[in-house]
Colleague: 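Once you've had a glance at the structure underneath, I'll fire off some questions.
Values below: all heavy atoms of this structure, side chains included; hydrogens, waters and symmetry mates excluded.
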Amino acid sequence: MTSTAPETQRGHDAGDPLGEQPTSWQRRLRRFGHVPRPETSLRDRLDPPYTRPGRQVWSVLAIPPHVADRLVRWSGWGGPLLVTLVAGLLRFWKLDQPHAVIFDETYYAKDAWALVNQGYEGSWPKDVDKQILNDPSSVPIPTDPGYVVHPPVGKWIIGFGEQLFGFTPFGWRFMVAVLGTISVLLLCRIGRRLFRSTFLGCLAGLLLAVDGLHFVMSRTALLDLIVMFFVLAAFGCLVVDRDHARRRLAAALPVDEEGVLRPNARVAETLRLGWRPWRLAAGVMLGLAFATKWNGLYVLAAFGLMTVLWDVGARRTAGAVHPYQAVLRRDLIPAFVSTVPVAIVTYIVSWTGWIVTDKGYYRNWAATEGKDSSWSWLFPDWLRSLWHYENQVYDFHVGLTSGHTYESNPWSWLVLGRPVSYFYEEQTGCAQSSTGKCAAEVLAIGTPLLWWLACFALAYVVWRWFFRRDWRAGAIACGVVAGWLPWFFYQERTIFLFYAVVFVPFLCLAVTMMLGAIAGPAAGTGARAELGLTTDDPTGERRRTLGAIAVGVLVLLIIWNFIYFWPLYTGTQIPEDLWRDRMWLDTWV
């Protein structure tokens, strides 16, 4: 199977006419790797075609051309579904193990059970977890309201799995595992659309499938993977919206006598892009992310800015002389309305259970402590009570500075400086161990080789975005920044490595982009086509072969690394000697 390196779409959002001489600043930047945009047709710049595998692959496999064409058509969905099947089998294998309430499941599993049964979270008694594990039917749901510090969407989702399979570890982990599996499919399809390559899309999904942090979070009833799912879904919706908007621009541009699409300033600056349902869907997804944990709000701001800049790039490419003014007049207000108000409405609707039951924590604050408010004539009681509740929660979050054994600074996340132990159990009398002990642990840590490779990949992505103006690199960097940067503003707060799961898909996209560059562009495409290198060119074939071997070795090492740490991801009991062999850094213990 042939992949497409990132070079095949270089500079699609550059707006200079074809053939224009590079500016002085571009000439100066060439020493750092800046290259001029290749002479690509305007239609391909607005709507790049997907890469097709080379004929050599099918000839080696002795597959007839008509069968090969059918396989190529099916591979767009068949490849991602196959990767997703593997990810699902891994995530659902012994999902109920360990049979315990691990880490913060003690909050979310119980809150979810109360939420789906009575519409609001209850105040659970202490030390009830063992009773739940032994006989959940004997544990009554508390009717007294509980003080919770996260919005309800994630708990509604966890509770749906509990409704299907009971108040058990499998029940409260089921829906998180479903979303973790579907997110692999989403990333395959998003990567395919970004890189215009089914192979690279499936590679991105495979990397996510074998990332340890994503895997552990997919098997644990916590909220952060749910946030990740909605963020990734929103990103995918915006990427599809971008493609549709650029196709509309291409369809409206004039064609000359030779059938060549030409830029037109009037069309590019005045065309209304019409109904954009994918952007609305992104607004809903971002609202659901925000309604799961508040860090989704930062993603909403970052993605909103990103999609507006995409419109600027599209209009510039189509020939707009003043693209920013055109976007300000035609696109800015629709973009804002499609995302921010939609997300806010989605957030408020998520509190419906708390609103209608009239029994949640602080639900009647407006009618009691807040009855003398000067705003009582303008806003309904439920809205003022919700606003007061949100203020109290915000004060809690920013004031959460109590120390924790597994807290970590966001500076250390990419190098996996301090993972979080969700579950640890030690057994004595273990004959296989020289110490006579065996250990079983669930450690929330990414696959080390993948994350350490991602450090270099992020540097490559930033370089590629800055010097080659590759919009895909900018989009990937935006996803990482939106999920990571906000935590630097709260370094005094107690925070953990597993918060990073929100931007893990974008790390996988960054690694995929770098691996695509290592593999090199397919023969006859991109930069190699410009150089006249074809499938018969020995230099191009040698470069391609060596690049493919290097990529294959790196991917196999990442998969091996995931398998090596499998016992620490699943709570499998192993001799203490083997457990210590996997503690590569002292800070992991």
Side-chain angles (χ1 to χ4, degrees), residues 13 47 80 151 153-154 157 179 182-195 201 204 208 224-249 272-315 327 330-350 471-472 474-486 501-506 508-509:
D13 281 353
D47 185 18
V153 163
I157 291 172
L179 296 187
I182 297 176
S183 66
V184 173
L185 176 62
L186 287 178
L187 191 63
C188 287
R189 294 289 297 177
I190 290 169
R192 180 179 183 270
R193 188 174 288 270
L194 276 179
F195 304 123
L208 186 63
D224 299 87
L225 184 124
I226 300 173
V227 177
M228 180 280 305
F229 174 82
F230 289 128
V231 167
L232 183 61
F235 181 77
C237 290
L238 291 176
V239 171
V240 175
D241 171 76
R242 179 186 184 277
D243 281 355
H244 287 188
R246 293 171 76 89
R247 288 194 193 107
R248 287 174 186 161
L249 275 171
R272 294 188 180 276
L273 297 177
W275 172 249
R276 300 176 73 166
W278 285 104
R279 185 176 271 175
L280 281 171
V284 173
M285 293 297 106
L286 291 169
L288 291 172
F290 178 35
T292 302
K293 286 187 76 172
W294 280 3
N295 53 316
L297 184 60
Y298 294 98
V299 182
L300 170 63
F303 282 8
L305 176 61
M306 178 181 70
T307 188
V308 169
L309 292 178
W310 283 353
D311 285 344
V312 171
R315 292 188 182 274
V327 168
R330 304 293 183 186
D331 302 320
L332 187 61
I333 293 179
F336 177 83
V337 173
S338 299
T339 52
V340 177
V342 170
I344 292 174
V345 170
T346 302
Y347 179 85
I348 294 175
V349 170
S350 73
W471 73 272
R472 299 163 304 164
I476 294 168
C478 179
V480 175
V481 168
W484 186 24
L485 183 62
V501 74
V502 173
F503 61 84
V504 164
F506 300 96
C508 294
L509 288 173

Colleague: Looking at Ser338 and Pro334, would you say the former's side chain and the latter's main chain have a donor-acceptor pair under 3.5 Å?
Modeller: yes
Colleague: If you define the side chain from C-beta out and look only at heavy atoms, does anything of Phe230 sit under 4.5 Å from Val153?
Modeller: yes
Colleague: I need the minimum non-hydrogen distance between Leu187 and Ala204, along with the two atoms involved.
Modeller: CD2-O, 3.4 Å
Colleague: To the nearest 0.5 angstrom, please state how far the CG atom of Leu186 sits from the CG atom of Leu208.
Modeller: 10.0 Å
Colleague: List the atom of Gly236, the atom of Ile190, and the distance in Å for their closest heavy-atom pair.
Modeller: CA-CD1, 3.5 Å
Colleague: Could you check whether any side-chain heavy atom of Tyr347 comes within less than 4.5 Å of a side-chain heavy atom of Trp294, counting everything from C-beta outward?
Modeller: yes
Colleague: Tell me whether Asp331 is salt-bridged to Arg279, with the criterion being a basic N under 4.0 Å from an acidic carboxylate O.
Modeller: no
Colleague: I'd like to know if the side chain of Arg330 and the backbone of Arg272 have a donor-acceptor N/O pair within less than 3.5 Å.
Modeller: no
Colleague: Are Arg242 and Trp278 in a cation-pi contact, defined as NZ or CZ under 6.0 Å from the six-membered ring centre and within 45° of the axis?
Modeller: no
Colleague: Considering non-hydrogen atoms only, spot the tightest contact between Ala302 and Ala482 and give its length.
Modeller: CB-CB, 3.6 Å
Colleague: Considering non-hydrogen atoms only, spot the tightest contact between Ala475 and Trp310 and give its length.
Modeller: CB-CZ2, 3.7 Å
Colleague: Tell me the closest heavy-atom pair linking Asp243 and Arg193, and the distance in Å.
Modeller: OD2-NH1, 2.8 Å
Colleague: Mind checking the CG-CG spacing from Leu297 to Leu286? Nearest 0.5 Å is all I need.
Modeller: 10.0 Å
Colleague: To the nearest 0.5 angstrom, please state how far the CG atom of Leu179 sits from the CG atom of Leu232.
Modeller: 11.0 Å
Colleague: I want to check something: taking the side chain as every heavy atom from C-beta on, are Leu509 and Phe195 in contact at a cut-off of under 4.5 Å?
Modeller: yes
Colleague: Are Val240 and Phe235 close enough that some pair of their side-chain heavy atoms sits under 4.5 Å apart?
Modeller: no
Colleague: Does Arg246 pair with Asp47 as a salt bridge, N-O distance under 4.0 Å?
Modeller: no
Colleague: With heavy-atom distances below 4.5 Å as the criterion, would you say the side chains of Val299 and Phe503 are in contact?
Modeller: no
Colleague: Any side-chain heavy-atom pair from Met228 and Ser183 closer than 4.5 angstrom?
Modeller: yes
Colleague: Check whether any side-chain heavy atom of Phe290 sits under 4.5 Å from a side-chain heavy atom of Leu300, and report yes or no.
Modeller: no
Colleague: To the nearest 0.5 Å, tell me how far Ile348 CD1 sits from Ser350 OG.
Modeller: 8.5 Å
Colleague: With rounding to the nearest 0.5 angstrom, report the CG to CD1 distance, Leu288 to Ile226.
Modeller: 11.0 Å
Colleague: If you compare all heavy atoms of Thr346 against all heavy atoms of Gly287, which two are closest, and at what distance to 0.1 Å?
Modeller: CG2-C, 3.9 Å
Colleague: To the nearest 0.5 Å, tell me how far Asn295 CG sits from Asp224 CG.
Modeller: 7.0 Å
Colleague: Taking the side chain as every heavy atom from C-beta outward, state whether Phe229 and Thr292 have any pair of such atoms under 4.5 Å apart.
Modeller: no
